[in-house]
Student: 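What follows is a single structure, and I will ask about it in a moment.
Letters A, B, ... are given to chains in the order of the sequence lines, protein chains preceding strands, and every chain is numbered from 1. These figures come from a predicted structure and were not determined experimentally.
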Amino acid sequence: MKKEKQYWLMKTEPMSYSIDDLKRDRKTAWSGVRNYQARNFMRDDMQVGDGVLFYHSSCKEPGVYGLARVNSKSYPDPTQFEKGGMYYEPRATKEKPMWFLVDVAFEKKFKEGVSIRALREHKDLRGLRMLELGSRLSITPVTQKEFETVALLAV
DNA sequence: GCCAACGTTGGC
DNA sequence: GCCAACGTTGGC
């Protein structure tokens, strides 16, 4: 049974991977997530075709800078097996991987992003989980309404 | 299974 | 660069 299309907000630091990088690559494996909640969203809940708000954090003007979509089912994050790599996970084995990811495909880059300030100011976006104080989760679910509201705010 | 210590995140 | 909030670790 296929679930309905779902929507997500995915954070990234543009210094390491930006919407421009995704536009150039067309799609990318969302590797390096090392948080259980975020992993569970990718492993258990994401489906091909889900909508993604692409968010830039830790930068001059944090905000949503484009749209993407989930482009694969989840599969083990290969970086967990890279000895000496930044994301190496000694507890993981090929038989029992710890970390999972999905592929994310480029959809659209906004000319101007929707800043975190604008997100906070919009009354229909008060429920956004990433706006909660101290929210550090790099992947959060958003409602269809929230997704569309952000898309409409964007230029 | 508690909880203090630690490292990280991320807006400002 | 600051610092509050958070998740994870590890000793007990």
Side-chain angles (χ1 to χ4, degrees), chain A residues 6-25 28-46 50-70 74-104 106-143 145-155:
Chain A
Q6 298 178 99
Y7 299 87
W8 309 92
L9 183 145
M10 297 174 85
K11 281 200 282 206
T12 170
E13 299 187 17
M15 295 280 281
S16 53
Y17 199 84
S18 71
I19 188 74
D20 289 313
D21 294 324
L22 184 62
K23 185 175 184 183
R24 179 199 61 216
D25 297 342
T28 193
W30 207 256
S31 61
V33 170
R34 295 295 179 267
N35 169 283
Y36 291 106
Q37 275 191 78
R39 176 203 67 184
N40 293 348
F41 285 140
M42 290 199 283
R43 188 190 60 187
D44 306 333
D45 298 327
M46 281 190 179
D50 281 0
V52 174
L53 297 172
F54 198 96
Y55 182 90
H56 285 179
S57 68
S58 289
C59 56
K60 199 166 171 215
E61 189 76 55
V64 177
Y65 280 84
L67 303 178
R69 66 180 179 279
V70 175
S74 66
Y75 59 95
D77 181 343
T79 64
Q80 71 194 301
F81 306 120
E82 291 169 3
K83 264 204 182 92
M86 193 132 109
Y87 298 110
Y88 179 58
E89 173 52 74
R91 294 169 291 178
T93 64
K94 299 266 181 184
E95 295 70 36
K96 281 206 150 200
M98 284 185 65
W99 303 109
F100 291 80
L101 52 68
V102 298
D103 291 343
V104 171
F106 177 79
E107 200 121 279
K108 166 175 202 177
K109 180 194 171 179
F110 299 152
K111 278 208 191 64
E112 287 176 52
V114 183
S115 70
I116 186 168
R117 219 172 341 97
L119 296 176
R120 284 192 196 285
E121 280 167 7
H122 196 85
K123 65 170 170 34
D124 292 343
L125 298 175
R126 291 211 183 115
L128 272 190
R129 215 160 139 198
M130 65 110 352
L131 294 179
E132 285 170 23
L133 183 65
S135 167
R136 289 170 19 179
L137 203 49
S138 65
I139 299 174
T140 48
V142 302
T143 65
K145 177 94 192 287
E146 289 163 344
F147 183 90
E148 284 164 2
T149 301
V150 174
L152 285 173
L153 281 177
V155 183

Student: Over how many whole Å does the gap from A/Ile116 atom CD1 to B/dC12 atom C1' extend?
Tutor: 10 Å
Student: Would you give the length of the straight line joining atom CE of A/Met46 to atom CG of A/Asn40, rounded to the nearest 0.5 angstrom?
Tutor: 11.5 Å
Student: Would you kindly give the CG-to-C1' distance between A/Asn35 and B/dG10, to the nearest whole Å?
Tutor: 14 Å
Student: A/Asp103 and A/Tyr75: side-chain donor and acceptor closer than 3.5 Å?
Tutor: yes
Student: Measure from the ring center of A/Trp30 to the ring center of A/Tyr87 and say whether it is less than 6.0 Å.
Tutor: no
Student: Tell me whether A/Lys94 forms a cation-pi arrangement with A/Phe81, defined as NZ or CZ under 6.0 Å from the six-membered ring centre and within 45 degrees of its axis.
Tutor: yes
Student: Note down the inter-axis angle between the two ends of the helix from B/dG1-C/dC12 to B/dC12-C/dG1, five pairs each, to the nearest 10°.
Tutor: 10°
Student: Nearest-Å distance, CD (A/Glu132) to P (B/dG10)?
Tutor: 14 Å
Student: Tell me the closest heavy-atom pair linking A/His56 and A/Ile19, and the distance in Å.
Tutor: NE2-N, 3.1 Å
Student: Is any side-chain heavy atom of A/Ile116 less than 4.5 Å from a side-chain heavy atom of A/Ser57?
Tutor: no
Student: Strictly below 4.0 Å, heavy-atom distances to any atom of DNA chain B: list the hits from residues 120-129 of chain A, or just say none.
Tutor: A/Arg120
Student: Any heavy-atom pair between the side chains of A/Lys145 and A/Asp124 that's under 4.5 Å?
Tutor: yes
Student: Could you state the atom-to-atom distance from CE of A/Met130 to C1' of B/dT9 in whole Å?
Tutor: 11 Å
Student: Looking at A/Ser135 and A/Leu131, would you say the former's side chain and the latter's main chain have a donor-acceptor pair under 3.5 Å?
Tutor: no
Student: Please, which pairs that meet salt bridge (charged side-chain N to carboxylate O under 4.0 Å, His left out) have at least one residue in residues 76-87 of chain A, sequence neighbours excluded?
Tutor: A/Arg34-A/Asp77
Student: Using whole Å, report how far CD of A/Glu61 lies from C1' of B/dG10.
Tutor: 14 Å
Student: Once you round it to whole Å, what is the distance between P of B/dT9 and OH of A/Tyr36?
Tutor: 15 Å
Student: Are A/Asp20 and A/Lys23 ion-paired here, with the side-chain N under 4.0 Å from a carboxylate O?
Tutor: no
Student: Which residues pass the side-chain hydrogen bond (donor to acceptor under 3.5 Å, both in side chains) test with A/Glu148, not counting sequence neighbours?
Tutor: A/Gln144
Student: What residues in residues 87-99 of chain A put a non-hydrogen atom under 4.0 Å from any atom of DNA chain B?
Tutor: none
Student: Using atom CZ of A/Arg34 as one end and atom P of C/dG7 as the other, report the distance to the nearest whole Å.
Tutor: 18 Å
Student: State the CG-OG1 distance between A/Leu22 and A/Thr28, to the nearest 0.5 angstrom.
Tutor: 7.0 Å
Student: Would you confirm whether A/Asn35, through its side chain, and A/Ala38, through its main-chain N or O, come within 3.5 Å as a donor-acceptor pair?
Tutor: yes
Student: Between B/dG10, B/dG11, C/dG7, which one does the side chain of A/Tyr55 approach most closely?
Tutor: B/dG11
Student: Distance check needed: B/dG10 C1' versus A/Lys11 NZ, whole Å only.
Tutor: 7 Å
Student: Measure all distances between protein nitrogen or oxygen atoms and nitrogen or oxygen atoms of nucleotides 4-6 of chain B, and list the pairs falling under 3.5 Å.
Tutor:
none

